[in-house]
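Below you'll find the structure, written out as structure tokens, and then a few comments.
Just so it is clear: chains get the letters A, B, ... in the order the sequence lines come, proteins before strands, and each one is counted from 1. These values consider heavy atoms only, across backbone and side chains, with no hydrogens, waters or symmetry-generated copies.
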Number of protein chains: 2
Amino acid sequence: MSSVTIKDIAKLAGVSHTTVSRALNDSPLINPETKERIKAIAASMNYTPNYSARSLVLDRSYNLGLFFTTLHTGTSAGFLYEAIKGVNDVIKDGYNLIVRGIDDYKSFHKVNRKNFDGILIMSQSDSDQSFIEYASDKEIPLVVLNRPVEGVQVMNFVPDDQSGAYRLTEYLVQQGHRHIAIIEGKQGFKSTQARREGYCEALHKHGIFVPEAYYVSGNYDLESGHAAMSKLLELPDRPTAVFCCNDDMALGAVKAVTERGLSVPEDISVAGFDDNLFSAFMSPALTTVRRPIEELSRAGAEKLLKFIETKHSEQSLVLFHTELVIRDSVKSI
Amino acid sequence: MSSVTIKDIAKLAGVSHTTVSRALNDSPLINPETKERIKAIAASMNYTPNYSARSLVLDRSYNLGLFFTTLHTGTSAGFLYEAIKGVNDVIKDGYNLIVRGIDDYKSFHKVNRKNFDGILIMSQSDSDQSFIEYASDKEIPLVVLNRPVEGVQVMNFVPDDQSGAYRLTEYLVQQGHRHIAIIEGKQGFKSTQARREGYCEALHKHGIFVPEAYYVSGNYDLESGHAAMSKLLELPDRPTAVFCCNDDMALGAVKAVTERGLSVPEDISVAGFDDNLFSAFMSPALTTVRRPIEELSRAGAEKLLKFIETKHSEQSLVLFHTELVIRDSVKSI
DNA sequence: CATAGAAATGCACACGTTAACAATGCTATT
DNA sequence: AATAGCATTGTTAACGTGTGCATTTCTATG
């Protein structure tokens with residue numbers, strides 16, 4: 001039927017709707033006995049509050065946004081999964097989590113303070129800078145994950161990709177590799193740049209020169225890893241190790257190796273980045289860098305909620321440690 | 001600053017707020033010239049409507065729910081990803097998509113007609129039957145994906161898992177296998193049952209007896225596939241082929257094979273189910289059954305939107321064809 | 001006993017939007 | 001010229017909830 005309102009309850013309880021509102025919100029103004037009585041009646045009528053009405057007067061939407069740069073190419077399934085899980089673990093029953101790709105919005109019209117109590121942006125590219133600025137402009141409480149953002153004052157949680165890539169590359173060098181290629185991430189993504197820089201930094205420090213042909217572009221998906229590795233394998237001066245900028249591409253790369261009758265790591269070593277759920281179960285198990293996306297998402301969500309409650313924020317940029325995970329896909333030579 | 005309302009616009013335009021409302025909603029009642037003038041003013045003040053107010057009076061929330069049985073064990077990353085992508089592709093700017101695990105709700109309180117214009121349930125288990133009944137009871141427009149649901153009148157979109165499993169198993173038999181084991185899905189999930197039944201049906205039809213030890217339980221995640229295959233490999237009468245009830249477990253299973261120095265498919269054949277994004281890139285590429293989750297989600301979302309618009313639904317159960325995908329992980333013997 | 005003050009409840013309005021109905025001015029038809 | 005009818009705009013109430021202020025009742029204190 002039509003839903004019951006506090007006025008219906010009031011009528012039945014013989015009080016005003018004000019008293020009902022206060023009782024259900026546990027106001028100290030109300031006599032404990034009446035309070036209990038009203039709550040009982042409400043339960044028996046199985047009343048559920050109209051959040052639209054509440055939102056209107058309280059100026060809160062109870063909506064939280066989790067936005068990705070895109071839900072299409074560049075965002076891996078594991079990445080999405082971990083982020084959603086992390087955030088959903090933190091938010092209580094009181095909030096709705098709205099998930100969307102920024103590039104799915106034709107206009108940002110609907111994104112404003114009335115509609116969102118807060119926003120988490122899983123930012124992967126400079127391309128969403130305009131969205132970040134828009135949200136900041138609208139004074140929506142804002143947490144940006146994954147990418148360090150400049151120019152705008154936001155709460156920022158990012159994994160230290162560069163030093164992760166650095167340590168991984170250094171590890172390859174320590175295993176005796178001197179011919180190390182890189183399969184890069186999606187063009188324009190900040191993470192692509194950070195990982196390449198870590199890679200270059202390590203090689204430069206050890207005085208290793210990288211020929212142009214060892215830089216191969218990819219876009220973070222499986223196929224691009226496969227295609228890139230295929231190119232590398234046909235090089236006259238084939239590398240002994242390949243750093244793939246994420247695990248998806250590493251899986252594709254390994255495939256390219258095995259389908260030529262070669263093997264990892266005997267004929268060529270492969271390393272990845274992210275430590276996806278599946279990476280430990282690849283054959284061979286993938287050496288990679290763990291990026292704590294779920295923890296980072298959880299921390300971001302907690303911070304956002306606290307900010308919404310207290311309107312007070314302290315720290316603005318938090319770096320999350322990335323960790324070298326050594327498995328079996330790199331050979332010592 | 002504080003946001004602008006239609007009354008502010010009205011004041012500036014020298015008309016009543018009703019006229020503004022009508023103008024912005026393209027009512028034919030309004031003189032085209034005033035309409036344009038008002039729209040211009042609204043844009044210049046960069047007005048954005050308060051959806052809470054609109055929701056209150058129109059009795060629509062502009063929220064759509066996409067609910068999973070759980071976001072924890074049993075839901076693979078690829079599954080979540082495809083579903084979200086499919087639905088988000090369909091819904092327009094006008095709707096918010098709220099993603100959540102049903103088991104994350106302490107109480108269903110917030111789930112009601114006022115808060116959700118419609119709900120998609122990606123149902124994986126009988127355990128969410130109570131949620132489905134709850135939503136149906138509240139008369140929320142409801143689409144159930146992935147699992148055929150009984151007892152409740154809903155719009156239902158499900159992949160034909162059983163016949164997929166049947167065809168896959170029959171294929172294994174055609175390749176000469178007579179010792180075929182199964183690594184099962186999560187206990188209590190409907191898909192687990194359907195796939196087992198397809199498997200049994202095929203073997204029974206070909207008069208093949210399955211020893212008790214060939215039924216090994218799993219829970220759809222990588223580790224369980226690994227553990228289950230480890231058990232099978234230690235059997236005195238080792239199977240020649242193993243049907244893993246999803247691709248994640250197949251990956252784990254392959255791992256168990258290779259880390260014993262054996263190889264797929266030379267020493268043992270492995271098949272999966274789902275056709276995850278990564279399956280084509282495994283080594284060897286996985287023979288599996290494609291389950292069109294993204295298409296199915298898209299179809300479900302379209303149906304839901306149409307129902308919300310027209311309040312009219314025709315067909316109630318739609319079966320989606322599953323397709324055998326033959327790759328390299330099964331040997332002919 | 002008078003009264004100050006606390007405890008409990010109600011009245012009335014606000015939030016921003018839509019829509020039924022009323023009102024106004026104008027045109028065309030008789 | 002009177003009037004019916006159309007085009008356009010305004011008046012007012014409604015959606016369900018929360019809250020400042022007024023009101024009532026009761027208790028304790030001098």
Side-chain angles (χ1 to χ4, degrees), chain A residues 1-39 41-42 45-63 94 109-110 112-117 138, chain B residues 1-39 41-42 45-63 94 109-110 112-117 138:
Chain A
M1 336 257 115
S2 86
S3 51
V4 349
T5 74
I6 54 172
K7 289 188 182 172
D8 300 327
I9 301 177
K11 209 167 290 173
L12 218 80
V15 295
S16 75
H17 78 277
T18 307
T19 303
V20 175
S21 170
R22 292 202 178 104
L24 297 178
N25 287 326
D26 260 334
S27 157
L29 291 178
I30 301 296
N31 185 316
E33 290 164 28
T34 20
K35 196 184 281 186
E36 283 318 308
R37 193 165 58 87
I38 289 174
K39 282 186 178 176
I41 295 178
M45 298 177 79
N46 73 59
Y47 164 78
T48 63
N50 183 320
Y51 280 80
S52 298
R54 184 180 284 179
S55 293
L56 181 57
V57 53
L58 291 188
D59 202 25
R60 304 189 56 189
S61 62
Y62 302 97
N63 285 340
H109 223 62
K110 270 200 81 173
N112 55 51
R113 278 226 50 195
K114 305 280 180 201
N115 267 265
F116 290 93
D117 288 349
K138 292 266 176 186
Chain B
M1 297 292 114
S2 89
S3 52
V4 347
T5 73
I6 54 172
K7 290 189 182 173
D8 300 327
I9 301 177
K11 208 168 291 173
L12 218 80
V15 297
S16 76
H17 74 277
T18 307
T19 303
V20 175
S21 170
R22 292 204 179 102
L24 297 180
N25 289 326
D26 261 335
S27 156
L29 293 178
I30 301 295
N31 184 318
E33 291 165 29
T34 21
K35 197 184 283 189
E36 283 317 310
R37 195 165 56 89
I38 289 174
K39 281 185 179 177
I41 295 178
M45 298 177 80
N46 73 59
Y47 164 77
T48 63
N50 183 321
Y51 281 81
S52 299
R54 184 180 287 178
S55 293
L56 182 58
V57 52
L58 290 187
D59 202 26
R60 303 189 57 189
S61 63
Y62 302 99
N63 285 340
H109 223 63
K110 269 199 82 174
N112 55 51
R113 278 225 50 193
K114 305 280 180 202
N115 267 265
F116 291 93
D117 288 348
K138 293 264 175 187

For nucleotides 23-28 of chain D, give me every protein contact, N/O to N/O, under 3.5 Å, one pair per line with atom names.
none

Using the 3.5 Å cut-off, write out each protein N or O paired with an N or O of nucleotides 12-14 of chain C and the distance between them.
from	atom 1	to	atom 2	distance (Å)
C/dA12	N6	A/Thr18	OG1	3.3

Kindly give the atom pairs (protein nitrogen or oxygen, nucleotide nitrogen or oxygen) under 3.5 Å for nucleotides 24-26 of chain C.
none

For this session: Step by step, work out the side chain to side chain contact (heavy atoms under 4.5 Å, CB included) result for B/Lys114 and A/Ser3.
Result: CA-CA 9 Å; B/Lys114 305 280 180 202; A/Ser3 51; 3.0 Å; yes
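Between B/Thr34 and B/Asn31, the closest heavy-atom pair is OG1-O, 2.8 Å. Closest heavy-atom contact between A/Asp8 and A/Val4: OD2-CA, 3.4 Å.
To the nearest angstrom, C1' of D/dG18 lies 15 Å from CD1 of A/Ile9. Atom CG in B/Leu29 sits roughly 16 Å away from atom P in C/dA22 (whole-Å rounding). Look at CD on A/Glu36: it is 16 Å from C1' on C/dA8, rounded to the nearest Å. The interatomic distance linking B/Leu56 (CG) with D/dT17 (P) rounds to 9 Å, in whole Å. Per the geometry, CZ belonging to B/Arg37 stands 13 Å off C1' belonging to D/dT8, to the nearest Å. Computed from coordinates, the B/Asp26 CG to C/dA19 C1' distance equals 17 Å when rounded to whole Å. Atoms CD (A/Glu33) and P (C/dA8) sit 9 Å apart, rounded to a whole Å. Atom NZ in A/Lys7 sits about 12 Å away from atom P in D/dG18, given to the nearest Å.
The shortest distance between the side-chain N/O atoms of A/Ser21 and the OP1/OP2 oxygens of D/dG18 is below 4.0 Å. OP1 or OP2 of D/dC15 has not a single side-chain nitrogen or oxygen of A/Asn50 nearer than 4.0 Å. Phosphate contact (OP1/OP2 of C/dG16, side-chain N/O of B/Arg54, threshold under 4.0 Å): absent. The side chain of A/Ser16 contributes an N or O atom lying less than 4.0 Å from OP1 or OP2 of C/dG10.
Both A/Pro32 and A/Lys114 lie close to DNA chain C; mapped to their nearest nucleotides by heavy-atom distance, the more 5′-ward contact belongs to A/Pro32. Mapping B/Pro28 and B/Ala53 onto DNA chain D via the closest heavy atom, the residue that lands nearer the 5' end is B/Pro28. Residues B/Lys35 and A/Thr48 each lie close to DNA chain D; by heavy-atom proximity, the contact nearer the 5' end of the strand is made by B/Lys35.
Here A/Lys7 contributes atom NZ and A/His17 contributes atom NE2; the two are 5.5 Å apart, rounded to the nearest 0.5 Å. Taken from OG1 in A/Thr19 to CG in A/Leu29, the straight-line distance is 10.0 Å, to the nearest 0.5 Å. Atom CZ of A/Arg54 and atom CG of B/Leu56 lie 13.0 Å apart (nearest 0.5 Å).
Listed nucleotides C/dC21, C/dT17, C/dT9 differ in distance to A/Thr34; the shortest reach to its side chain belongs to C/dT9. Comparing atom distances between the B/Thr19 side chain and each of D/dT17, C/dG16, D/dG10 picks out D/dG10 as nearest. Across C/dG16, C/dA8, D/dT9, the shortest atom-to-atom separation from the side chain of A/Asn31 is found for C/dA8.
In this structure, A/Tyr62 and B/Lys110 have side chains that are in contact, with non-hydrogen atoms separated by less than 4.5 Å. Side-chain contact check for A/Thr5 versus A/Asn50: every heavy-atom pair is 4.5 Å or farther apart. Annotation: side chain of A/Asn46 is in contact with side chain of B/Lys138 (closest heavy-atom distance under 4.5 Å).
Partner of A/Ser61 under the side chain to side chain donor-acceptor pair (under 3.5 Å) criterion, chosen from A/Asn112, A/Asn115, A/Asp117: A/Asp117.
Nucleic acid contact for A/Tyr47: sugar-phosphate only, since backbone atoms but no base atoms lie under 4.0 Å from a heavy atom of the residue. Residue B/Asp59 is out of contact with every strand shown, counting any heavy-atom pair closer than 4.0 Å. Within the 4.0 angstrom heavy-atom criterion, only backbone atoms of the sugar-phosphate kind lie near A/Leu58; the bases stay farther away.
Qualifying side-chain hydrogen bond (donor to acceptor under 3.5 Å, both in side chains) partners for B/Arg60, counting only residues two or more places apart in sequence or in other chains: B/Tyr95. For A/Ala13, the side chain to side chain contact (heavy atoms under 4.5 Å, CB included) partners at least two apart in sequence or on another chain are A/Val15, A/Arg37, A/Ile38, A/Ile41.
Each salt bridge (Lys or Arg N to Asp or Glu O under 4.0 Å) pair with one or both residues in residues 23-34 of chain B, not counting sequence neighbours, appears once here: B/Asp26-B/Lys35, B/Asp26-B/Lys39.
Scanning atom types as modelled, one donor and one acceptor separated by under 3.5 angstrom connect the side chain of A/Arg22 and the base of D/dG20.
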